[in-house]
Amino acid sequence: MKAADRSRARAKLVAWFGEHARALPWRQTSDPYAIWISEVMLQQTRVETVLRYYDRFLARFPTVRALADASEDDVLSMWSGLGYYRRARLLHEGVKAVVARHGGRVPEDAEARRALPGVGRYTAGAIGSIAFDRPEPIVDGNVARVLSRLDVIEHAIGTPASEKALWAEASAWAAHDAPGTVNQALMELGATVCTPTSPRCDACPLRAWCGARRADRVDELPVPRVKKAPKEVSVVALVARDRAGHALLVKHEANDEGGLFGGDLFKGLWSVPMQEGEGRGVARELAELHGAALDLAEPRQVIHVLTHRRLRVLVHQGRIAKARGTGRLVDPDALDGLGVATLTKKVLASAR
DNA sequence: GACACGTGGTT
DNA sequence: TAACCAAGTGT
């Protein structure tokens with residue numbers, strides 16, 4: 001888009017945002033720490049979902065120092081159910097780095113911000129523009145869609161050519177007054193008007209400058225990247241209870257055995273013993289490993305879909321007297337305060 | 001550069 | 001209902 005057009009379009013967009021911006025909690029603050037939290041929570045996650053976590057998380061960890069001083073267990077417990085748990089671990093590392101390197105203040109310097117764990121190009125730009133009013137660009141899924149349509153960018157999303165064009169254009173949009181407002185307005189437009197399907201072009205403040213609309217190609221843009229179908233994986237889970245009905249939970253740590261649960265998946269979270277595989281033999285191994293006795297009952301099935309995997313979990317039941325090692329016996333109805341993935345809750349619910 | 005990393009809502 | 005997708009990052 002030409003600079004003169006962009007200038008008029010920006011003014012129009014900012015005016016539109018002034019009228020139509022949703023009143024979201026992270027828009028009521030200029031605290032860079034609070035904005036950082038919101039940006040990390042919002043990664044690949046819907047606003048409505050984040051609304052259930054944001055205030056609670058900030059109340060528990062109101063400052064950089066409060067979060068830096070917390071245990072990873074406590075951080076993950078407040079993140080429980082939000083998904084992409086590595087975000088929480090990296091955020092925790094990030095605030096610790098802010099304490100260690102920057103005296104507990106989120107750095108205004110762009111390079112210093114970008115160097116923090118869990119702070120990539122997008123998050124650095126979001127904090128910089130929104131909290132510090134610095135002319136730094138952002139490109140998230142919304143901005144990518146808006147700019148792809150506006151400028152008729154035909155390269156598939158995620159390709160180097162597309163990234164280059166989008167960040168260049170986003171830089172031009174942000175290189176003026178009120179970059180934080182401009183950036184948020186671009187995202188808000190993508191979230192509420194320039195939507196993936198059924199965009200409301202009639203209500204769009206930028207329709208006069210939209211190349212896709214002019215060419216009647218709004219539905220063709222942006223060009224999606226090709227995705228592979230999730231692989232189906234069989235998993236055996238063991239719900240072993242003591243006489244009080246408490247179930248054995250073990251902390252999920254990376255190991256060198258590889259396989260589905262040998263990597264970063266659910267790392268640091270508590271779960272019932274699980275192992276890739278199928279059949280009663282695998283269940284018996286799991287039970288033996290943890291000092292439990294396997295029940296005769298047929299396993300229940302739980303389907304849980306991740307981004308790249310479709311998990312078919314067969315939930316076996318067993319009995320146990322005492323937890324070994326780092327295991328703990330936990331009341332399945334009192335999981336608050338524990339970092340637990342939704343999969344674990346589904347597995348426990350299937351075996352009640 | 002492709003892939004791993006969660007979950008829930010929408011179509 | 002299967003597919004898609006939502007304010008990405010790290011390896």
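A donor-acceptor pair under 3.5 Å is formed between the side chain of A:Ser80 and the backbone N or O of A:Val340. Side-chain N or O atoms of A:Arg149 include none that pairs as donor or acceptor with a backbone N or O of A:Ala212 at under 3.5 Å.
For A:Asp140 and C:dC5, the CG to C1' distance is 13 Å, given to the nearest whole Å. Distance, A:Ile303 CD1 to C:dT1 P: 13 Å, rounded to whole Å. A:Tyr53 has its OH atom 15 Å from the C1' atom of C:dA6, to the nearest Å. Between A:Glu39 atom CD and C:dA6 atom C1' the separation is 13 Å, expressed in whole Å.
Positionally, the nearest nucleotide of DNA chain C for A:Arg22 lies more toward the 5' end than for the other of A:Gly118 and A:Arg22. Mapping A:Pro117 and A:Thr195 onto DNA chain C by nearest heavy atom places A:Thr195 closer to the 5' end of the strand.
The stretch residues 155-175 of chain A touches DNA chain B through A:Pro160, each having a heavy atom under 4.0 angstrom from the strand. Proximity of residues 25-32 of chain A to DNA chain C (heavy atom under 4.0 angstrom from any strand atom) is restricted to A:Trp26, A:Arg27.
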Worksheet item: Would A:Lys12 and A:Trp209 satisfy side chain to side chain contact (heavy atoms under 4.5 Å, CB included), going step by step from the backbone distance to the final call?
Response: CA-CA 11 Å; A:Lys12 196 94 176 187; A:Trp209 297 278; 4.2 Å; yes

Discussion item. What verdict does the side chain to side chain contact (heavy atoms under 4.5 Å, CB included) test give for A:Val98 and A:Tyr33, after you've listed the backbone C-alpha separation in whole Å, the side-chain angles of each residue and the deciding distance to 0.1 Å?
Written reply: CA-CA 10 Å; A:Val98 166; A:Tyr33 166 72; over 6 Å; no

Practice prompt. Take A:Leu248 and A:His290 through the side chain to side chain contact (heavy atoms under 4.5 Å, CB included) test and state the conclusion after the steps.
Written response: CA-CA 9 Å; A:Leu248 174 67; A:His290 293 283; 3.6 Å; yes

Worksheet item: Hey, mind stepping through A:Leu289 and A:Glu285 against side chain to side chain contact (heavy atoms under 4.5 Å, CB included) and telling me if it holds?
Response: CA-CA 6 Å; A:Leu289 182 64; A:Glu285 281 173 33; over 6 Å; no

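C:dA6 sits 22 Å from B:dC5 when the P atoms are compared, rounded to a whole Å. The separation of B:dG6 from C:dT11, taken at their P atoms, amounts to 14 Å, rounded to a whole angstrom.
If you check every strand for non-hydrogen atoms under 4.0 Å, A:Leu91 touches nothing. Among the atoms of the strands shown, only primed sugar atoms or phosphate atoms (P, OP1, OP2) are found under 4.0 Å from some heavy atom of A:Thr123.
Between A:Tyr84 and A:Trp79, the ring center distance fails the sub-6.0 Å criterion.
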Item to complete: Using a 4.0 Å cut-off on protein heavy atoms (strictly under), produce a 5'-to-3' string for nucleotides 3-11 of chain B with B for base contact, S for backbone-only sugar-phosphate contact, and - for none.
Response: SBBBBB---

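The pair A:Glu72-A:Lys251 fails the salt-bridge criterion, with no side-chain N (NZ, NE, NH1 or NH2) lying under 4.0 Å from an Asp/Glu carboxylate O. We find that A:Asp333 and A:Arg352 are joined by a salt bridge, their nearest charged nitrogen and carboxylate oxygen being less than 4.0 Å apart. Looking at A:Glu136 and A:Arg113, a side-chain N of the basic residue comes within less than 4.0 Å of a carboxylate O on the acidic one, giving a salt bridge. Salt bridge annotation for A:Asp109-A:Arg134: absent, with no cationic side-chain nitrogen under 4.0 angstrom from a carboxylate oxygen.
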